[in-house]
Amino acid sequence: MVAAAVSTPDAVVIGMGPGGEDAAGRLADAGWDVVGVDERLVGGECPYWGCIPSKIMVRAGNLVREAHRVPGSAGISRVQSDWRPVHRHVERATDDWDDKVAVDRFTSRGGTFLRGTGRLTGPGEVSVVGPDDSETVLRPRRALVLAVGTRPSAPPVPGLAGTPYWTNRELIEAEELPSSLLVLGGGAIGLELGQAVQRFGCDVTVLEAQQRLLAQEEPEAADLLMRVLATEGLELHTGAELVSVGYDGQRFEARCRRGERLSAERLLVSTGRRVDLERLGASVLGVPADARALPVDDRMRVLGAPGVWAIGDVTGKGAFTHMSMYQADVAVRGILGQGGRAAEYHAVPRVTFADPEIGAVGLTEAQARAQGLAVRTSVTDLAESARGLVHGSGNDGFVKLVAAGGVLVGATAAGPTGGEVLGLLTLAVQARLPLADLAATIWAYPTFHRAVGAALDGL
């Protein structure tokens, strides 16, 4: 047996997704000897199977929908959708799922990249097993950064594991769309992808076990999307508890406890993601086997593990690219002794890129009340605003503000540009701007963000 090669760099980063790549690159820029480790593509889920390709698909679907909105507003239209240019756009954006550009970007900064599975094998020691089963042992002298991300998680439904179901990865890579698609999960991923492919002629049925879509967001958001998606022809089942899934070689069948039997050519599982701490070897850090995330302080240091930092999904603070990048900045500043602000999570923004977009930040009304806050809320209908009148078809949306103690603690902006309007609301929540100062703002007319001013009037 060939002995493992041993290396003692300054820093090791396991997981080269957006946050890991940024952290590794910045440490290399500082003159450190840095080794980045990933078994898959440098850049992670976001540029290859997540944020970027999925939003290309969403954008394409929105164009199709806009063309259908021409009658009654701007004349007549005839729409013949075609998935082929969408797939070609995705291939170009992902470099056909090739990370050479990303690897070269990192190594050009002085870093070393190892393709392989990184596992903690002892205090301050990492074993990396490569695609050819070769092993490299890394013993970082100054810092170990864990940014391993998450993997799609499938529910323990009888029969599901033995079927060729899709996750977001298979759908993103699909050259052709199926004639019909069952979507398990009514969260952001399932709704974004489901609506996009429905607009290209795929019959979509969404099954959500909880009583409403987007269960972590405001109920007004769920009501809005239920109405809009149903109008577009998606079949939506909430409170749908699955009892079994079958596949006969051509079609999937999902059986629900209430008696529904739903069938489609393909099945997309979008019921969440999980961190595989056992695979990482996190027990070396004293983390319980059943833990769902690594415990970190506000400088991203793993509790009880000197010299170890964690960023991104593995911290359990939000599975967002922008979160991993934010935490990477906090961690790198700490590692290099640069100080600066510690991590805060009271104003985490999130966007569901459906049509209408659902942008939200901070606490929902229910979360704020659960914390015992003296809550005031206000909701304004976007369609009734001046910009809503101008926009016409497709103007569905609202702005909801959640206030307590004279400041906003949460907000939701739903509409054609919900994610963009969210920017000013995120700033308000982050900076804890007094409501009086917000109310004194001059809102440009006629804009969608002017609805924020109208909502403030209702507080």
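Heavy atoms only: backbone and side chains are in, while hydrogens, waters and symmetry mates are out.
- Salt bridge present: R84 and D82 bring a charged side-chain N and a carboxylate O closer than 4.0 Å.
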### Task
Give the intermediate values and the outcome of side chain to side chain contact (heavy atoms under 4.5 Å, CB included) for residues L181 and V197.
CA-CA 9 Å; L181 180 71; V197 300; 4.0 Å; yes
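- Among residues two or more places apart in sequence or in another chain, the side chain to side chain donor-acceptor pair (under 3.5 Å) test is passed with E278 by none.
- No donor-acceptor distance shorter than 3.5 angstrom exists from the side chain of D95 to the backbone of W97, with no hydrogens or angles considered.
- H237 places a side-chain heavy atom less than 4.5 Å from the side chain of R258.
- Only one option out of L435, L433, L363 pairs with L408 in a side-chain contact (heavy atoms from CB on, under 4.5 Å); it is L435.
- Using a 4.5 Å heavy-atom cutoff, the side chains of D203 and P178 are not in contact.
- Between D329 and R26 the shortest side-chain heavy-atom distance falls below 4.5 Å.
- Side-chain contact between L182 and L262 is present, with at least one heavy-atom pair separated by less than 4.5 Å.
- Summarising the geometry of R115 relative to L41, their closest heavy-atom pair is NH1-CA, 3.9 Å, with the distance given to 0.1 Å.
- Within the model, atoms CD of E21 and CE of M16 stand 5.5 Å from one another, a figure rounded to the nearest 0.5 Å.
- Counting all heavy atoms, side chain and backbone alike, P416 lies closest to N395 at CG-CA, 4.3 Å.
- Under the 3.5 Å distance criterion, the side-chain polar atoms of R376 are left unmatched by any main-chain donor or acceptor of L401.
- Here the side chains of M323 and Y345 are in contact, with some heavy-atom distance below 4.5 Å.
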### Message
If you apply the rule side chain to side chain contact (heavy atoms under 4.5 Å, CB included), what do you find for V269 with Y165, and how did you get there?
### Response
CA-CA 7 Å; V269 175; Y165 65 82; 3.5 Å; yes
### Trace of the side chain to side chain contact (heavy atoms under 4.5 Å, CB included) decision for V287 with L277
CA-CA 9 Å; V287 177; L277 293 180; 4.1 Å; yes
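- With sequence neighbours left out, N168 forms a side chain to side chain contact (heavy atoms under 4.5 Å, CB included) with E45, W49, P152, I189, L193, R273.
- For R119 (side chain) and R279 (main-chain N/O), a donor-acceptor pair under 3.5 Å exists by modelled atom type.
- Classification of E66 and R69 as a salt-bridged pair holds, one side-chain N sitting under 4.0 Å from a carboxylate O.
- What you find for V399 and A451 is that their closest heavy atoms are CG2-CB, 3.9 Å.
- Looking only at side-chain heavy atoms (C-beta outward), V351 and I358 stay at 4.5 Å or farther from each other.
- Listed here is the closest heavy atom pair of L213 and A222: O-CB, 3.3 Å.
- Side chains of W166 and L267 form no contact here, defined as non-hydrogen atoms less than 4.5 Å apart.
- Atom NE2 of H68 and atom CG of L63 lie 11.5 Å apart (nearest 0.5 Å).
- Counting only N and O atoms by type, the side chains of T352 and E217 include no donor and acceptor under 3.5 Å apart.
- Within the 3.5 Å criterion, the main-chain N or O of L184 finds a donor-acceptor partner in the side chain of S270.
- The shortest side-chain heavy-atom distance between P349 and L422 falls under the 4.5 Å cut-off.
- Here F113 and F106 keep their ring centres 6.0 angstrom or further from each other.
- Across all their heavy atoms, R274 and S153 have their closest contact at CD-OG, 4.0 Å.
- Side-chain atoms of E357 never come within 3.5 Å of backbone atoms of G415 as a donor-acceptor pair (strictly under, hydrogens ignored).
- Remark: R387 qualifies as a cation-pi partner of F448 under the 6.0 Å distance and 45° angle criteria applied to the six-membered ring.
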### Stepwise side chain to side chain contact (heavy atoms under 4.5 Å, CB included) check, L294 with T315
CA-CA 5 Å; L294 293 177; T315 67; 5.7 Å; no
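- A donor-acceptor pair under 3.5 Å links the side-chain atoms of R450 to the main chain of W443, judged by distance alone.
- Residues E91 and H89 bring no donor and acceptor atom of their side chains to less than 3.5 Å of each other.
- In this structure, W83 contributes its side chain and A174 its backbone to a donor-acceptor pair below 3.5 Å.
- By the 4.0 Å N-to-carboxylate-O rule, R227 lies too far from D223 to be salt-bridged with it.
- Counting all heavy atoms, side chain and backbone alike, G149 lies closest to V275 at O-CG2, 4.0 Å.
- The structure places CD of Q210 at 8.0 Å from CZ of R212, a figure rounded to the nearest 0.5 Å.
- Enclosure of atom CZ in R109 by more than 12 non-hydrogen atoms of other residues, nucleotides or ligands within 6.0 angstrom is indicated.
- The closest side-chain donor-acceptor pair between E173 and Y48, if any, does not fall under 3.5 angstrom.
- Of the possible polar contacts, one joining the E218 side chain to the E365 backbone as a donor-acceptor pair under 3.5 Å is found.
- To the nearest 0.5 Å, the span separating CG on D276 from OG1 on T150 amounts to 11.0 Å.
- With salt bridges taken as basic N to acidic carboxylate O contacts below 4.0 Å, none links E260 and R255.
- Rounded to the nearest 0.5 Å, atoms CZ (R65) and CD (E232) are 4.5 Å apart.
- Taking 4.0 Å as the cut-off between side-chain N and carboxylate O, R341 and D298 do not count as a salt-bridged pair.
- Using a 4.0 Å cut-off between a side-chain N of Lys or Arg and a carboxylate O of Asp or Glu, E253 and R261 qualify as a salt bridge.
- One distance of note links CG of L214 with CZ of R350; it measures 10.5 Å at 0.5 Å rounding.
- The main-chain N or O of A383 is found under 3.5 Å from a side-chain atom of D381 such that the two form a donor-acceptor pair.
- A salt bridge does not link E170 to R266: none of the charged side-chain nitrogens sits closer than 4.0 Å to a carboxylate oxygen.
- For residues 403-430, every residue pair satisfying the side chain to side chain donor-acceptor pair (under 3.5 Å) rule, not counting sequence neighbours, is listed here: E344-Q430.
- In this structure, S180 contributes its side chain and E265 its backbone to a donor-acceptor pair below 3.5 Å.
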